[in-house]
Amino acid sequence: MYIPWLLITQILMLCGNSEAKIPAIIVFGDSSVDAGNNNQIPTIARSNFEPYGRDFLGGQPTGRFSNGRIPTDFISQAVGLKPTVPAYLDPAYSISDFALGVSFASAGSGYDNATSDVLSVIPLWKELEYYKDYQRKLRAFLGEQKAHETVTEALYVMSLGTNDFLENYYTLRDRRSQFTVDQYQDFLIGIAGTFITNLYGLGARKISLGGLPPMGCLPLERATNFANGNECVESYNIVAMSFNDKLRGLVMKLNRELAGIKLVLSNPYYVLLHIIRKPAFYGFDMTAMGCCSTGMFEMGYTCNQYNPLTCTDANKFVFWDAFHPTEKTNKIISDHMVKTALFKFL
Ligand SMILES: *[C@@H]1O[C@H](CO)[C@@H](O)[C@H](O)[C@H]1NC(C)=O
């Protein structure tokens, strides 16, 4: 029987495609997923010094805000890619690395331009400009067709929003004088919707939108909650939950409107709250304070190698510094997200 050559090559291509379902992971967001972009820009939102990274591969600080790996590193590994996702601005990496995974995230950033302005970090719109630049490099490196395949089949991960509330809305006056919290949430949802639509326009199809954590339980917020015995700030948790509901609405709407998109909500809220409420279940001793220094206020430059109080075993702590989870917590949250949301892409 005669089988046309064209058909054979098509069959071979289909097989190739189904083997490597996710050719790359592409990340946008804040310190939850910044792998070191901020090292390359003038900002104080940094963590490329000890003791950050002390449990990272090779024990070196990278600019990740944790003692080890961050969620997107674990997710990358879980989908069959590299165990770490490099930062786009890191000169130690090039397009041959970024073709498999890249982070455009910037610690201190948010949906709102006014949030990234607070610490002069990379605003979300600029993360997307870097992504366009990346696409050009990818086409030059892989060729049109292969690059198109990577862009279409890649897993896109967005993780941000906490700073819009904690660093901006509840800390500075501007946004609070312009918006009620409900209106501010809608303003951010609008930005998220535009961003995802633009990303879709650039070819992305598989997108994970990250929900907010129980942000009232971050050690920094607890430390300032004297009135209530340093409990979680309930009002912030309620805002996080209602924002996540709005994100869920956005996900449903865009899945209806944008043909071929597969958008999922990856919600860290309940799993992190469970870890905080039942730490012993996961082998943690300490949940209210971070490992670094006093664990109540320090992060970035205030969490450094001169703090005598820093804990010795970060695996006993839910949080690494006053704002960011330990590697162990990041792993639990990532596994949960893969099981509950990202499995749809595998
Ligand atoms: C944020 O700033 C960029 C660049 O100036 C601008 O294009 C964009 O419209 C701004 N976003 C919002 C929501 O105002």
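Keep in mind that this is a model prediction, so the values were computed, not measured. Whatever order the structure lists them in is the order used to number ligands and atoms, beginning at 1.
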Legend entry - Residue, atom name and distance, where the atom is the protein heavy atom closest to atom 4 (C) of ligand 1: W125 CE2, 3.5 Å

Legend entry - Ligand-residue contact atoms, ligand 1 with N113, heavy atoms, under 4.0 Å: 1 (C), 2 (O), 3 (C), 8 (C), 10 (C), 11 (N), 12 (C), 14 (O)

Legend entry - Minimum side-chain heavy-atom gap F345-V79 below 4.5 Å: no

Legend entry - Pair listing, disulfide bond (SG atoms under 2.5 Å apart) test, anchored in residues 244-286, at least two apart: none

Inset, instruction - Closest by any non-hydrogen atom to atom 13 (C) of ligand 1: pick that one out of D117, T194, I191. - result: I191

Inset, instruction - Is it possible for you to check whether K316 lies under 6.0 Å from the centre of the six-membered ring of F284, through NZ or CZ, and within 45° of that ring's axis? - result: no

Inset, instruction - Might you check, step by step, whether the distance between atom 9 (O) of ligand 1 and some protein heavy atom is under 4.0 Å? - result: no

Inset, instruction - Would you kindly check if the NZ (Lys) or CZ (Arg) of R205 is within the cone defined by 45 degrees around the ring axis of Y200 and under 6.0 Å from the six-membered ring centre? - result: yes

